[in-house]
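Only one structure is covered here, and it is reproduced in the block below.
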Amino acid sequence: MPEDRSLDDFALGDEDTDSDAAEAADDSASDDGDPDAPSDPNDAADPAAVDPAVATSTWHTDGAACDRCGERVERRWRDEDDFVCADCASW
Ligand SMILES: [Zn+2]
């Protein structure tokens, strides 16, 4: 019976194993060759959600005391953990 023969060939599966390995190799190769693939658009959408929480300067309309000299200024710059006036900021 020809049908029995073909089933046996499938069960032995030597050719199948070889082609599977080849396909896996092709998949990883194409991944490496596509650095601009779909993950980038998602990253591009993030910056809008990322608030500039780490501000390099702060603005106080009523003024705020410099952490170094105590002078009252409207704008202070971040210097390590302190907010200092323009004179005290280490540029
Ligand atoms: Zn100061």
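Order of listing sets the numbers, starting from 1, for every ligand and every atom in it. Below, all heavy atoms of this structure are taken into account, side chains as well, without hydrogens, waters or symmetry copies.
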_Among residues at least two apart in sequence or on other chains, which ones pass side-chain contact (heavy atoms from CB on, under 4.5 Å) with Arg75?_
Ser57, Trp59, Trp77
*Can any side-chain N or O of Asp67 pair as donor or acceptor with the backbone N or O of Phe83 at less than 3.5 Å?*
yes
_For Asp81, give me all partners under side-chain contact (heavy atoms from CB on, under 4.5 Å), at least two apart in sequence or on another chain._
none
*asked:* Tell me every residue that passes salt bridge (Lys or Arg N to Asp or Glu O under 4.0 Å) with Arg72, counting only those two or more places apart in sequence or in another chain.
replied: none
*Does Arg76 reach the side chain of Val84, with side-chain heavy atoms less than 4.5 Å apart?*
no
_Check for me: within less than 2.8 Å of the Zn ion (ligand 1), which protein N/O/S atoms show up?_
Cys66 SG, Cys69 SG, Cys85 SG, Cys88 SG
*Any side-chain heavy-atom pair from Asp79 and Arg68 closer than 4.5 angstrom?*
yes
